[in-house]
Amino acid sequence: VQLQASGGGLVQAGGALTLSCAASGRAINNYVMGWFRQAPGKERESVGAINWNGITYYADSVKGRFTISRDNAKNTVSVQMNSLKPGDTAVYYCAAGSSVFSSRLESVYDYWGQGTQVTVSS
């Protein structure tokens, strides 16, 4: 599975962005799809995930502001990010794994996209 993340950019605090992740090489309908981010000088962290059945998990830091969805017909997964804060500035990665659970654990994910930069200005 090859993953291509897109949609990053520069946005003011309080603004919104939607990131998309396009998969190719294999249908992702049975995969758990995760979003992760890595800020400068920090370890990569889970943002959230959505499993094959649409069950989602969100990190506490983004709960209520971010929404992950998937379109299996288009082989894509997206994250709608609202009320963005400067602390959301990071490179965002999508990932695919074979678990049935929506997981925050990196070890679950077998395939990773290249990342897209999100910068939130204050």
Side-chain angles (χ1 to χ4, degrees):
V1 179
Q2 292 80 46
L3 302 173
Q4 179 78 35
S6 62
L10 173 65
V11 64
Q12 288 188 334
L17 277 176
T18 299
L19 305 183
S20 295
C21 178
S24 60
R26 189 176 297 180
I28 60 168
N29 50 295
N30 290 325
Y31 284 80
V32 58
M33 300 300 295
W35 284 96
F36 293 79
R37 66 186 182 186
Q38 187 167 21
K42 295 187 177 181
E43 293 187 354
R44 188 160 57 188
E45 64 176 2
S46 172
V47 171
I50 185 168
N51 79 338
W52 67 275
N53 201 28
I55 296 173
T56 52
Y57 153 83
Y58 296 99
D60 287 344
S61 59
V62 307
K63 201 172 293 183
R65 300 188 297 123
F66 289 15
T67 303
I68 296 174
S69 60
R70 65 190 302 158
D71 186 336
N72 289 332
K74 295 182 178 179
N75 229 31
T76 60
V77 63
S78 300
V79 54
Q80 171 69 42
M81 308 185 295
N82 298 324
S83 302
L84 283 162
K85 305 174 182 180
D88 295 317
T89 295
V91 177
Y92 283 71
Y93 300 88
C94 60
S98 55
S99 172
V100 298
F101 301 108
S102 52
S103 176
R104 62 179 177 85
L105 299 176
E106 290 194 28
S107 58
V108 164
Y109 298 90
D110 304 306
Y111 307 99
W112 292 80
Q114 86 292 357
T116 185
Q117 176 72 47
V118 172
T119 303
V120 185
S121 63
S122 57

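Residue numbers count from 1 along this sequence.
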Colleague: Mind checking salt bridge (charged side-chain N to carboxylate O under 4.0 Å, His left out) for R65 and listing every partner two or more places apart, or none if nothing turns up?
Modeller: D88
Colleague: Run the side chain to side chain donor-acceptor pair (under 3.5 Å) test against Q38 and tell me which residues pass, sequence neighbours left out.
Modeller: none
Colleague: Could you name each residue pair satisfying salt bridge (Lys or Arg N to Asp or Glu O under 4.0 Å) that touches residues 44-55, not counting sequence neighbours?
Modeller: R37-E45, R44-E106
Colleague: Please find the pair of heavy atoms, one from A59 and one from S46, that lie closest to each other, and give the distance.
Modeller: CB-O, 3.5 Å
Colleague: Using the test side-chain contact (heavy atoms from CB on, under 4.5 Å), find all partners of N30 that sit at least two apart in sequence or belong to another chain.
Modeller: none
Colleague: Determine yes or no for a side-chain-to-main-chain donor-acceptor pair under 3.5 angstrom, with N53 supplying the side chain and I55 the backbone.
Modeller: no
Colleague: Connecting only ILVMFWY residues whose side-chain heavy atoms lie within less than 4.5 Å of each other, what is the rest of W112's hydrophobic cluster?
Modeller: V32, F36, V91, Y93, L105, V108, Y109
Colleague: Got a sec, which hydrophobics cluster with Y92, joining ILVMFWY side chains under 4.5 Å apart, including via others?
Modeller: V1, L3, V11, L17, L19, I28, Y31, M33, W35, V47, I50, Y58, V62, F66, I68, V77, V79, M81, L84, Y111, V118, V120
Colleague: Who pairs with R104 by salt bridge (charged side-chain N to carboxylate O under 4.0 Å, His left out), at least two apart in sequence or on another chain?
Modeller: none
Colleague: Side chains of S121 and Q12: is there a donor and an acceptor less than 3.5 Å apart?
Modeller: no
Colleague: Sequence neighbours left out, what passes side chain to side chain donor-acceptor pair (under 3.5 Å) with Q117? Give chain and number order.
Modeller: T119
Colleague: Show the nearest heavy-atom pair for residues A49 and S103, with the distance to one decimal.
Modeller: CB-O, 3.6 Å
Colleague: Measure across G25 and Q2 and return the closest heavy-atom pair with its distance rounded to 0.1 Å.
Modeller: CA-OE1, 3.8 Å
Colleague: A quick test of your reading: do over 12 heavy atoms of other residues, nucleotides or ligands sit less than 6.0 Å from OH of Y57?
Modeller: yes
Colleague: So which pairs with a foot in residues 10-20 pass salt bridge (Lys or Arg N to Asp or Glu O under 4.0 Å), sequence neighbours left out?
Modeller: none
Colleague: May I ask you to decide if V100's main-chain N or O and N51's side chain share a donor-acceptor pair within less than 3.5 Å?
Modeller: yes
Colleague: When you measure from the side chain of N75 to the backbone N and O of R26, does any donor-acceptor pair fall under 3.5 Å?
Modeller: yes
Colleague: What residues, two or more places apart in sequence or in another chain, satisfy side chain to side chain donor-acceptor pair (under 3.5 Å) together with S83?
Modeller: none
Colleague: Side chain of Q114, backbone of A5: donor and acceptor closer than 3.5 Å?
Modeller: yes
Colleague: Once side chain to side chain donor-acceptor pair (under 3.5 Å) is applied, do any residues pair with D60, and if so which ones, sequence neighbours excluded?
Modeller: K63
Colleague: For the residue pair S20 and S78, what are the closest heavy atoms and their distance?
Modeller: OG-OG, 3.5 Å
Colleague: By side-chain contact (heavy atoms from CB on, under 4.5 Å), which residues pair with S98, not counting sequence neighbours?
Modeller: D110
